[in-house]
Amino acid sequence: MSLPLIGDVQARGRSPREVVKDITAKLADGYLREPRVSLDVLTYRPFYIMGEVTKPGEYPYTNGLTVMNSVARAEGFTYRANKGKVFIKRAGETEERRYPLQADLRVYPGDTVRIGERFF
């Protein structure tokens, strides 16, 4: 991001809280006595879900999204879904990784979630 007075501030790959802290420190360094900065993200990159879900596709990201929330958005598992593991390709990575399917496993903007097929 490019801001008047302080110039460029790196935001990619950082949380809004980290960016606010950086901006506050730069404004306090010779410009303002007690700067108060707030930052709101208006739109996140979507996430993608594919594999053994009823409606695979692209969905809007919301804060706190988990794998189970993403499956719910895709209208649930198919009868062939492997409910023990999930494959996630994080944004910016080249390969997907296998994770145990847990209720609190986070999904981030730009992630691709793949629910695999179980084998009998």
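Note that this is a predicted model, so its numbers are computed, not measured.
Cation-pi geometry between R73 and Y59 is not met at under 6.0 angstrom from the ring centre and within 45 degrees of the axis.
No donor-acceptor pair closer than 3.5 Å links the side chain of R45 to the backbone N or O of D111. Checking side-chain atoms of N82 against main-chain N and O of G84 turns up a donor-acceptor pair under 3.5 Å. At distances below 3.5 Å, at least one donor-acceptor pair connects side-chain atoms of K89 with backbone N or O atoms of E93.
I49 and Y99 fall within a single hydrophobic cluster, where Ile, Leu, Val, Met, Phe, Trp and Tyr are joined by side-chain heavy atoms under 4.5 Å apart, directly or via other members. By the rule that hydrophobic residues join a cluster once side-chain heavy atoms approach within less than 4.5 Å of another member, I23 and L32 end up as members of one cluster. Tracing side-chain contacts under 4.5 Å through hydrophobic residues (I, L, V, M, F, W, Y), one reaches F77 starting from F47; they form part of the same cluster. In terms of hydrophobic clustering, with Ile, Leu, Val, Met, Phe, Trp and Tyr side chains grouped at heavy-atom distances under 4.5 Å, V86 and Y48 are assigned to different clusters. Linking Ile, Leu, Val, Met, Phe, Trp and Tyr residues whenever their side-chain heavy atoms come within less than 4.5 Å leaves F87 and L65 in two separate clusters.
The OG1 atom of T66 lies 8.0 Å from the CG atom of D104; values are rounded to the nearest 0.5 Å. In this structure, CZ on R106 lies 12.0 Å from OG on S70, to the nearest 0.5 angstrom. Rounding to the nearest 0.5 Å gives a distance of 15.0 Å between CZ of R90 and CD of E95.
Dense packing is recorded around CD of E117, with more than 12 heavy atoms of other residues, nucleotides or ligands lying under 6.0 Å away. Enclosure of atom CZ in R14 by more than 12 non-hydrogen atoms of other residues, nucleotides or ligands within 6.0 angstrom is indicated.
Contact annotation: the side chain of V9 approaches that of D22 to within less than 4.5 Å [non-hydrogen atoms, C-beta and beyond]. Using a 4.5 Å heavy-atom threshold, the side chains of K85 and L101 count as separate. At least one side-chain heavy atom of P109 sits less than 4.5 Å from a side-chain heavy atom of Y61. Taking 4.5 Å as the limit, some side-chain heavy atom of P16 sits within range of a side-chain heavy atom of V41. When side chains are defined from C-beta on, E96 does not count as touching I88, because their heavy atoms never get closer than 4.5 Å. Put simply, the side chain of M1 reaches to within 4.5 Å of the side chain of V19, judged on heavy atoms.
Checked by atom type, the side-chain pair T78/E52 shows a donor-acceptor distance below 3.5 Å.
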### Task
Decide yes or no on side-chain contact (heavy atoms from CB on, under 4.5 Å) for V107 and N69, but give the supporting numbers first.
CA-CA 9 Å; V107 175; N69 298 136; over 6 Å; no
### Message
Assess the residue pair L39 and V20 against the criterion (side-chain contact (heavy atoms from CB on, under 4.5 Å)); give the C-alpha distance rounded to whole Å, side-chain angles, the decisive distance to 0.1 Å, and a yes or no.
### Response
CA-CA 7 Å; L39 175 69; V20 164; 3.5 Å; yes
